[in-house]
Every structure is written in C-alpha cells, then in structure tokens.
Amino acid sequence: MIRFENVSFRYPGGAQVKALNFELNKGDFAVLVGANGAGKSTVSKLCNGLLKPQEGHVFVKGQDTRSVPTSTLAKDVGFLFQNPDRQICQPTVEKEIGFGLQFAISDEAARAARCRAVLDAFGFEGDRVPFSMSRGERQRIALASVIAARPDILILDEPTTGLNYQECVRIMSLLCELNAGGTTILMITHDMELVQDYAQRVLVLCEGELIGDGPVHTVMRDEALLARAALLPAQIPGLALRLGQGFEQINTVQEMAAELERRCS
Ligand SMILES: Nc1ncnc2c1ncn2[C@@H]1O[C@H](COP(=O)(O)OP(=O)(O)OP(=O)(O)O)[C@@H](O)[C@H]1O
C-alpha cells in the first residue's frame, strides 16, 4: 500500500530522516515508535505527500508521491493530526464531517447519507459545536471526519494523546474494527502499552533511521534494540524478561496470572 524506497528528507536546520526502506502492506496494523525528535511525524507526512522525499521515492498504491498532488493522495490516505484542533475547522460536528466528504463524494444526497451514517455510528449529535466538546470527543470528531471518506490507509499521529483510559479504549477499538475491515493503519505513539495491546508490527526509528521492523512480540523482547531507541518494553513483557526462567514468552496480564497460578498450585 505504501512503499518507502531509500527515502531521505532533511529540514533546513539539519534534522533528517535517512535512507528509509519499508513497505506497509494491505491490512497491516503497524506502529511507529521512537524517542522525541526521532522523525516519526516526518515519516507520517512523507506517507501522504505533505512532505516529498528529497532522495528516494514513496509510492502510495503505486503512485509516486513526488509526481501526484497531495490532494489526490488524500483520497487513499486519511491523516489524523496529533492535535484535533489543527484539523477541526467547522462550526458544527455535521459540517465538520461533511467538509472532508465534499472532496470524496460529489453527489449531495449521497454525501448527506454518508454524513448521517457516520454521525449515527459515532453517536454524535450533528448540531453540536466541536469546540465546546471535550478533548476526547474532539479527537473522535477528527477521526470520524477522516474515516468518513473511507480511505484505504490511515496514518495516525498519536491519536490517543491527552485522552483518558475510556476514551483511549474507544478510539483503539474503533481502529481495530477498521483494520479488521481491511483498512491499513500506521499509528505513531509513545505509549508502549498501546503498542503491546494493539499493534501487529512495530517500526523503530532512531535519529532518523529505521533500526527495527518486526512483529510486536519480537520487537518488545529486543532489549538492545529498544535501548538504542531510548524506549522501554511494555510492563508485562518487561517483567517477563526480567524474571526469565520460562516466563520470557508471556505477553499479557492474563498469561502472567495463569502461569503464576500454575506454578503456585
Ligand atoms: N518544520 C520543521 N523545520 C525544521 N525542523 C523540523 C521541522 N519539523 C521537525 N523538525 C525537526 O526534525 C526532527 C524530527 O522531528 P519529528 O517531529 O519528525 O520527530 P518526532 O519523532 O515526531 O518527535 P516527537 O515525538 O517529539 O513528536 C526534530 O529534530 C525536529 O526538531
């Protein structure tokens, strides 16, 4: 769906991402992790043509982002900014969802029907004012606006930042549903518990270079790789590694509890 071929991008101040090679495959639920300033947002913007590579190529469903307008790529790649307030620009929830849809659906009746379906699916009242709603609700409005157009690929820059636990679970459950329905997802997060609980694949970025790419349980156990990227494993795999003695393959609280019960009985 998205292919990076030897991609480099350098900002005027000198910060850069270097020689990136990876492919996001159909149906992936991948997470991009790395320390602050590692280049995660830069990679996300290269995915949808907001930034164009200075060296190498990014292909979105076979289209070279250097030769296709960002507005065309937006039909395939939905992009959720870290801060919903950078995305929301309409006075009501209904208008906000309809705003993005006008570029995807030209027929007015079909657009209104899609908008109504999205409002219903999210449980939003269309006449509410987004800026009077909570941060979590605004994040869901921004996500609803992005997925209303049903893009094949979703790029999400820290979609759960600032959300409480319930709001976070609500957003992540929705993303899992979309992924199960075939949407390819690349999510940036600092939260290794989220990575452990939801990701299938983890890409690790360190100072602009991709230093790891593999299944979540493999990456989560690679302490040297995580340390190089200044990351800690999620708590349960971290504890399992620390305990050793047969605990190493444990990933979840349930598995840990079952193993402890088994050993204590
Ligand atoms: N518009 C810009 N102009 C110049 N330098 C930039 C710009 N945007 C980002 N940078 C620099 O590029 C580097 C990578 O930034 P980026 O935002 O991609 O990292 P990140 O991994 O997403 O960081 P964070 O986790 O803090 O959001 C940083 O050193 C940052 O200061």
Side-chain angles (χ1 to χ4, degrees), residues 1-11 15-34 37-89 96-97 99-105 118 139-161 171 174-175 178-179 181-190 199 201-203 205 208 210 213:
M1 301 295 274
I2 296 186
R3 192 166 76 252
F4 276 55
E5 281 184 8
N6 272 319
V7 172
S8 295
F9 179 91
R10 185 184 173 88
Y11 292 105
Q16 58 181 323
V17 293
K18 290 166 273 190
L20 299 176
N21 287 290
F22 69 91
E23 188 158 355
L24 206 57
N25 303 306
K26 181 156 178 53
D28 270 354
F29 195 141
V31 169
L32 183 60
V33 295
K40 304 181 295 297
S41 295
T42 305
V43 171
S44 72
K45 290 175 191 159
L46 285 161
C47 285
N48 70 345
L50 275 178
L51 296 176
K52 310 277 184 185
Q54 292 153 350
E55 285 170 37
H57 299 273
V58 177
F59 296 97
V60 173
K61 293 173 83 178
Q63 311 163 94
D64 189 332
T65 61
R66 283 192 189 188
S67 41
V68 179
T70 305
S71 54
T72 304
L73 296 168
K75 294 192 173 102
D76 291 316
V77 188
F79 189 88
L80 185 74
F81 285 89
Q82 187 173 356
N83 182 350
D85 299 341
R86 291 186 66 184
Q87 200 149 330
I88 294 171
C89 60
E96 181 61 35
I97 291 169
F99 181 71
L101 274 181
Q102 65 187 313
F103 306 105
I105 305 176
V118 172
Q139 188 69 289
R140 288 178 66 241
I141 292 166
L143 182 59
S145 310
V146 171
I147 66 174
R150 299 186 186 158
D152 286 340
I153 306 161
L154 272 180
I155 309 293
L156 309 151
D157 195 349
E158 303 203 34
T160 60
T161 301
I171 292 267
L174 178 64
L175 294 178
L178 289 168
N179 181 244
T183 306
T184 302
I185 294 177
L186 178 66
M187 180 175 96
I188 292 174
T189 184
H190 281 103
R201 174 182 171 194
V202 185
L203 298 139
L205 209 57
L210 191 63
D213 178 1

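Both backbone and side-chain heavy atoms feed into the values below; hydrogens, waters and symmetry mates do not. For this chain, numbers begin at 1 and follow the sequence in order.
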query = Ignoring hydrogens and geometry, is there a side-chain-to-backbone donor-acceptor pair from R3 to H57 under 3.5 Å?
reply = no

note = In terms of heavy-atom contacts, G78 and V146 come closest through CA-CG1, 3.6 Å

message = Under a 3.5 Å distance rule, please check whether N21 uses its side chain to pair with a backbone N or O of N6 as donor and acceptor.
response = yes

Minimal non-hydrogen separation, C47 against I155, with atom names = CB-CD1, 3.9 Å

request  = Return yes if some donor-acceptor pair links the side-chain N/O of Q54 with the main-chain N/O of R10 below 3.5 Å, else return no.
outcome  = yes

message = Nearest 0.5 Å, please: how far is CG in L205 from CG in D213?
response = 11.0 Å

ask   = At what distance, to the nearest 0.5 angstrom, does CG of L154 lie from CG of N48?
value = 11.5 Å

query = Would you find a donor on one side and an acceptor on the other, under 3.5 Å apart, between the side chain of S8 and the backbone of E55?
reply = no

query = Heavy-atom distance under 4.5 Å between the side chains of P151 and K75, does that happen here?
reply = no

ask   = Are any side-chain N or O atoms of K40 and backbone N or O atoms of L32, one a donor and one an acceptor, separated by less than 3.5 Å?
value = no

task = Show your reasoning for whether side chain to side chain contact (heavy atoms under 4.5 Å, CB included) applies to L186 and D28.
result = CA-CA 8 Å; L186 178 66; D28 270 354; over 6 Å; no

request  = In sequence, state the C-alpha distance, the side-chain angles, and the governing distance for V77 and M1, and then conclude on side chain to side chain contact (heavy atoms under 4.5 Å, CB included).
outcome  = CA-CA 10 Å; V77 188; M1 301 295 274; over 6 Å; no

message = F79 vs T70, test: side chain to side chain contact (heavy atoms under 4.5 Å, CB included). Steps then yes/no.
response = CA-CA 11 Å; F79 189 88; T70 305; over 6 Å; no

key: N/O donor-acceptor pair under 3.5 Å between T184 side chain and G27 backbone   = yes

message = If we ignore hydrogens and angles and just use 3.5 Å, is the side chain of Q139 paired with the main-chain N or O of P159 as donor and acceptor?
response = yes

message = Donor-acceptor check, side chain of Q87 to backbone of F81, threshold 3.5 angstrom: yes or no?
response = yes

